[in-house]
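Reviewing the structure listed below.
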Amino acid sequence: MSNQDFYETLGIARSASEDDIKKAYRKLAMKYHPDRNPDNKDAEEKFKEIQKAYDILSDPQKKAAYDRFGHAGVDPNNMGGDGFGGFGGGFGGGASGFDFGDIFSQMFGAGGGGRQQSHQGADLQYQIDISLEEAAQGLKKQITIPTYEECDVCHGSGAKPGTSASTCRTCHGSGTVHVRQAIFQIQQTCPTCHGSGKEIKDPCHKCRGDGRVKATKTVEVNIPAGIDDGQRIRLSGEGEPGTNGAPPGDLYIHVGVKEHKVFQRDPNNPTDLHCELPISFPTAALGGEVEVPTLTGRVKMNIPAGTQNGKQLRVKGKGVKHLRSNQIGDLYCHVIVETPVNLTDRQKELLAEFDQISTGLDRSQTPRQRSFLDRLKEMFD
């Protein structure tokens, strides 16, 4: 017996319940089963290890012996009768009480002879890039996606016109075959007809025996107001069609919101918007009214006298609608007091005069400068 840690093999804690053990085993057995990993020796070995681990941990007596004595407690050479080497407890409802067959019925759709295999259609992915305005307002958009439709030459039979499919010589029409694995027998998809139960000796030249051909279809997507970059929309049943009556897959729309030239969404609250608002020094000092851009047009905003660079001003209700409610966020304008450049001689003259008469201004008139000077004084005096 190998010295594998059975708990580690199943990826569970030693305190795991019976249900946890069964769920872990079911998941790993489906993942590493040889029929899902043909010609993969590593997967086959992993599958055997999983079987061994489950046989021990699903049996209360063996589990107790393993927990207490380790591998020595479940070594068939140290045990009389029902040792590990004989897979005591079995998979068919013995001590483990677990029907191994129901795993394979889920994996292969096999519940009895004569049932043809059906497979749910694959999910499809589609990327849509929209503007910030579209994300804020919502929109309906038509997209074209790949799909399959019935072949118009063979009308879905897969056989060349004038011929027909015959009963599969391997599975005799059941769509499944029985294969012996170790000590038990399992049912799997027929490798010849791939579960259809029929064999096409002279396939249709257009669909090559599949009975369907690639096509496209148009789908209308409703993108709700307030959607954010990276979110996705699921359209149930709009994926690829299933086979033999199985349901279709789903269509997932991945939404990308393009960067805006003026606005940025708040990463912590996507309903709020932020933008820069450059204003002149006289407007900042004296106050005034300026126009502010929003997603729906311009609005007027009052700038208080004495507004400092970096101050944040709010325009209520000019953000983005919440995705799941009627709440609308706000627009936050970050003031940038712009220093003029390329001054004329007259402008320089006036600024020099202003600087001269501003010498010795009262502390209340230049609060940030005075605070800075006070901190410098504390550092060096």
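As the structure is a prediction and not an experimental result, all values here were calculated from the model. For reference, positions follow the sequence shown, starting with 1.
In this structure the side chain of Cys204 reaches within 4.5 angstrom of the side chain of Cys151, judged on heavy atoms. Ile143 is listed as a side-chain neighbour of Ile253, based on a closest heavy-atom distance under 4.5 Å. Residues Val177 and Gln188 have side chains in contact (heavy-atom distance under 4.5 Å, counting atoms from C-beta outward). The side-chain heavy atoms of Lys160 and Cys154, taken from C-beta on, include no pair separated by under 4.5 Å. Counting heavy atoms from C-beta outward, Ser280 and Pro340 have side chains that stay 4.5 Å or more apart. Side-chain atoms of Glu149 and Val213, non-hydrogen and from C-beta on, do get closer than 4.5 Å to each other. For the pair Thr296 and Lys318, the minimum side-chain heavy-atom distance is below 4.5 Å. Side chains of Cys333 and Val315 form a contact here, defined as non-hydrogen atoms less than 4.5 Å apart.
Ion pairing of Arg265 with Asp229 is absent here, as no side-chain N (NZ or NE/NH1/NH2) approaches a carboxylate O to less than 4.0 Å. Remark: Lys141 does not engage Glu134 in a salt bridge, criterion side-chain N to carboxylate O under 4.0 Å. The pair Asp330-Lys316 fails the salt-bridge criterion, with no side-chain N (NZ, NE, NH1 or NH2) lying under 4.0 Å from an Asp/Glu carboxylate O. The pair Arg212-Asp210 meets the salt-bridge criterion, with a side-chain N (NZ, NE, NH1 or NH2) lying under 4.0 Å from an Asp/Glu carboxylate O. A salt bridge between Glu291 and Arg298 is present, with a side-chain N of the basic residue lying under 4.0 Å from a carboxylate O of the acidic one. A salt bridge is defined here as a Lys NZ or Arg NE, NH1 or NH2 lying under 4.0 Å from an Asp or Glu carboxylate O, and Lys52 with Glu49 fails to meet this definition.
Of all the heavy atoms in Val262 and Pro293, the pair that sits closest is CG1-CG, 4.2 Å. Closest of all the heavy-atom pairs between Ser157 and Ile200 is O-CD1, 3.5 Å. The two residues Val257 and Ala135 make their nearest non-hydrogen contact at CG2-CB, 4.0 Å. Val337 and Ala284 get closest at one heavy-atom pair: CG2-CB, 3.8 Å. Of all the heavy atoms in Gly156 and Glu150, the pair that sits closest is N-CG, 3.5 Å. The two residues Ile12 and Ala24 make their nearest non-hydrogen contact at CG2-CB, 3.6 Å.
Judged by distance alone, the side chains of Asp129 and Gln127 do bring a donor and an acceptor atom under 3.5 Å apart. Counting only N and O atoms by type, the side chains of Asp19 and Ser17 include no donor and acceptor under 3.5 Å apart. Checking Asn269 against Asp272 by side-chain atom types alone, a donor-acceptor pair falls below 3.5 Å.
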>> Checking Gln51 against Tyr25 for the side chain to side chain contact (heavy atoms under 4.5 Å, CB included) test, could you report, in this order, the C-alpha distance in whole Å, the side-chain angles of both residues, the deciding distance, and whether it holds?
In response: CA-CA 8 Å; Gln51 288 177 335; Tyr25 172 69; 4.1 Å; yes
>> What verdict does the side chain to side chain contact (heavy atoms under 4.5 Å, CB included) test give for Leu235 and Val221, after you've listed the backbone C-alpha separation in whole Å, the side-chain angles of each residue and the deciding distance to 0.1 Å?
In response: CA-CA 8 Å; Leu235 299 183; Val221 183; 4.1 Å; yes
> Given the rule in the ring-ring contact (aromatic ring centres under 6.0 Å, His included) test, do Phe47 and Tyr32 qualify, once you have shown the distances and angles that lead to the verdict?
Replying inline: CA-CA 5 Å; Phe47 184 68; Tyr32 290 103; 8.6 Å; no
>> Test side chain to side chain contact (heavy atoms under 4.5 Å, CB included) on Ile21 and Lys63; report intermediate values, then the result.
In response: CA-CA 11 Å; Ile21 295 171; Lys63 182 176 183 297; 4.0 Å; yes
> What do the steps show when you test Cys190 against Thr176 for side chain to side chain contact (heavy atoms under 4.5 Å, CB included), and what is the final call?
Replying inline: CA-CA 5 Å; Cys190 174; Thr176 60; 5.9 Å; no
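Heavy atoms from other residues, nucleotides or ligands lying under 6.0 Å from NZ of Lys46 number more than 12. For Lys217, the NZ atom counts as densely surrounded, since its 6.0 Å shell holds more than 12 non-hydrogen atoms of other residues, nucleotides or ligands. Within 6.0 Å of CD on Glu349 lie more than 12 heavy atoms contributed by other residues, nucleotides or ligands. Counted within 6.0 Å of CD on Gln356, heavy atoms from surrounding residues, nucleotides or ligands total 12 or fewer; the atom is thus considered open. A 6.0 Å sphere centred on CD of Glu18 holds no more than 12 heavy atoms belonging to other residues, nucleotides or ligands. Annotation for Gln347: atom CD counts as buried by contact number, over 12 foreign heavy atoms lying within 6.0 Å. Residue-environment remark: CD (Glu259) stays at or below the threshold of 12 foreign heavy atoms within 6.0 Å. A 6.0 Å sphere centred on CD of Glu220 holds more than 12 heavy atoms belonging to other residues, nucleotides or ligands.
Judged as a ring-ring contact (aromatic ring centres under 6.0 Å, His included), and not counting sequence neighbours, the contacts of Phe263 are His260. For the salt bridge (Lys or Arg N to Asp or Glu O under 4.0 Å) test, residues two or more places apart in sequence or in another chain that qualify with Lys41 are Glu44. The salt bridge (Lys or Arg N to Asp or Glu O under 4.0 Å) search around Arg14 returns Asp67, not counting sequence neighbours.
Between the Thr307 side chain and the Ile303 main chain, no donor and acceptor come within less than 3.5 Å of each other. Side chain of Tyr7 to main chain of Ala53: no donor-acceptor pair is present (N/O by atom type, distance under 3.5 Å, no hydrogens or angles). Within the 3.5 Å criterion, the main-chain N or O of Asp123 finds no donor-acceptor partner in the side chain of Asp250. The closest donor-acceptor contact from the side chain of Thr163 to the backbone of Ala159 lies at 3.5 Å or more, if one exists at all. Between the Asn37 side chain and the His33 main chain, a donor and an acceptor come within less than 3.5 Å of each other. A distance-only check finds no donor-acceptor pair linking the side chain of Glu45 to the backbone of Asp42 [under 3.5 Å].
No continuous path of ILVMFWY side-chain contacts below 4.5 Å connects Leu286 to Ile279, so the two sit in separate hydrophobic clusters. Cluster membership for Leu331 and Ile336, using ILVMFWY side-chain heavy atoms within less than 4.5 angstrom, is not shared. Note on Val255 and Ile145: same hydrophobic cluster, where clusters join Ile, Leu, Val, Met, Phe, Trp and Tyr whose side-chain heavy atoms are under 4.5 Å apart, directly or indirectly. Hydrophobic clustering, with ILVMFWY side chains joined whenever heavy atoms are under 4.5 angstrom apart, keeps Leu343 apart from Phe281. Residues Ile227 and Ile328 are members of separate hydrophobic clusters, defined by side-chain heavy-atom contacts under 4.5 angstrom among Ile, Leu, Val, Met, Phe, Trp and Tyr.
Applying the under-4.5 Å side-chain rule to Ile, Leu, Val, Met, Phe, Trp and Tyr, the cluster around Tyr252 consists of that residue alone.
Screening residues 298-332 for ring pair (Phe, Tyr, Trp, His ring centres under 6.0 Å), with sequence neighbours left out, gives His274-Tyr332. Pairs engaging residues 136-161 under the ring pair (Phe, Tyr, Trp, His ring centres under 6.0 Å) rule: none recorded [sequence neighbours left out].
A distance of 10.5 Å separates CD of Glu338 from CG of Asn309, quoted to the nearest 0.5 Å. Note: Gln264 CD to Leu132 CG = 9.5 Å, rounded to the nearest 0.5 Å. With rounding to the nearest 0.5 Å, the separation of CZ in Arg346 from OG1 in Thr344 is 8.5 Å. Expressed to the nearest 0.5 Å, how far OG1 of Thr271 lies from CG of Leu323 amounts to 11.0 Å.
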